[in-house]
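Below is one structure; the comments refer to it alone.
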Amino acid sequence: MSARTPFIAGNWKMNTTASSAVELARAVADGVAGRPRPKVAVCPPFPWLAAVADAVRGTPVALGAQDCYVKESGAFTGEVSPAMLTDAGCQYVIAGHSERRHVLGEADELINRKILAGLAGGLDVIFCIGELLEERKADQTTAVLERQLAAGLKGLDAAGLAKVVIAYEPVWAIGTGETATPDQAQAAHAFVRQWVGNAFGAPAAEALVIQYGGSVKPDNAADLLTQPDVDGALVGGASLKPDQFLAIVNAA
Ligand code: PGA
């Protein structure tokens, strides 16, 4: 048992309405009331951040955003700055999610700038990494993770890394109903921790929270979360249903 506090975050993606978002946030907050462990966060779409911030204020539920831009303000139509997110009540921002990498075309270099900007803006960062199915089949998983880690964490020191959570999300497991086996997840997480140990030192690696993401559901959460290097989960689909999300929180 590590000393790391488990962390479950819900990534709502491009789902919910103004009213259903607040309802969902309230249900999560009610479900975790009075419980300090695990850490819990919800990441609603941008337009509902302020309303969800109101709904979770004074509860153990933290607020996160799904993305941010790399500048503080200015002529960047459509973009949202880290300063705006902290102002809206966010503690976290997600960077490098596979949908941003593979649907929106974000490259490692931009993701690195987003991580640095998020940290500079006072946010904690949930940094997502993970291989495609063809990369796993070609035995390139660790090479891909290594590339994403090295590029994404470039320019960070140990103090910066202390504000980063890494989410290992094999792309083939996201939204597909197919989950990595506990052994596959553990192997990838152990690799990430070892890499971080080499780059940032053993204490940083020991303290690093590594979430697993990819079709985490109530019925597979416990098996994944009992792996020694799996410290939490980044939950997509199941985070939209309070009973399912709370069952995953309970498994942690
Ligand atoms: P999923 O999404 O739980 O729906 O697979 C996870 C994620 O993309 O963070």
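In each ligand, atom 1 is the first atom listed, and ligand 1 is the first ligand listed.
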Below 3.5 Å, can you tabulate the donor-acceptor pairs from side chains in residues 245-252 to any protein atom, sequence neighbours excluded?
residue: N250; atom: OD1; partner: R35; partner atom: NH1; Å: 2.9
residue: N250; atom: OD1; partner: R35; partner atom: NH2; Å: 3.1
residue: N250; atom: ND2; partner: L246; partner atom: O; Å: 3.3

Residues E206, R4; criterion salt bridge (charged side-chain N to carboxylate O under 4.0 Å, His left out); working and verdict: CA-CA 8 Å; E206 187 51 33; R4 297 181 290 273; 3.4 Å; yes
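Counted within 6.0 Å of NZ on K13, heavy atoms from surrounding residues, nucleotides or ligands total more than 12; the atom is thus considered enclosed. For CD of E23, the number of neighbouring non-hydrogen atoms (other residues, nucleotides, ligands) closer than 6.0 Å is 12 at most.
Residue N11 approaches ligand 1 through these ligand atoms, each under 4.0 Å from one of its heavy atoms: 9 (O). Counting the atoms of ligand 1 from 1 in the order shown, those under 4.0 Å from a heavy atom of G175 are 1 (P), 4 (O), 5 (O). Per-residue contacts place A173 under 4.0 angstrom from the following atoms of ligand 1 (heavy atoms of the residue considered): 5 (O).
Between S215 and ligand 1, a contact under 3.5 Å exists for at least one N or O pair. For ligand 1, the polar-atom distance check against H97 finds a nitrogen or oxygen pair separated by under 3.5 Å. The shortest N or O to N or O distance between I174 and ligand 1 is not under 3.5 Å.
Looking only at heavy atoms of the protein, atom 3 (O) of ligand 1 is closest to G236 N, 2.8 Å. For atom 4 (O) of ligand 1, the nearest non-hydrogen atom of the protein is G237 N, 2.8 Å. Here the protein heavy atom with the shortest distance to atom 2 (O) of ligand 1 is K13 NZ, 3.2 Å. For atom 7 (C) of ligand 1, the closest heavy atom belonging to the protein is E169 OE2, 3.1 Å.
For D124, the salt bridge (Lys or Arg N to Asp or Glu O under 4.0 Å) partners are K163, not counting sequence neighbours.
Here the options are Q148, K154, R101, the test is side-chain hydrogen bond (donor to acceptor under 3.5 Å, both in side chains), and the partner is D108; only R101 passes.
No hydrogens or angles considered: a donor-acceptor pair under 3.5 Å links the side chains of E131 and W172.
Closest non-hydrogen pair, L49 versus A65, comes out as CD1-CB, 4.2 Å.
Using a 4.0 Å cutoff on heavy atoms, G213 does not count as a contact of ligand 1.
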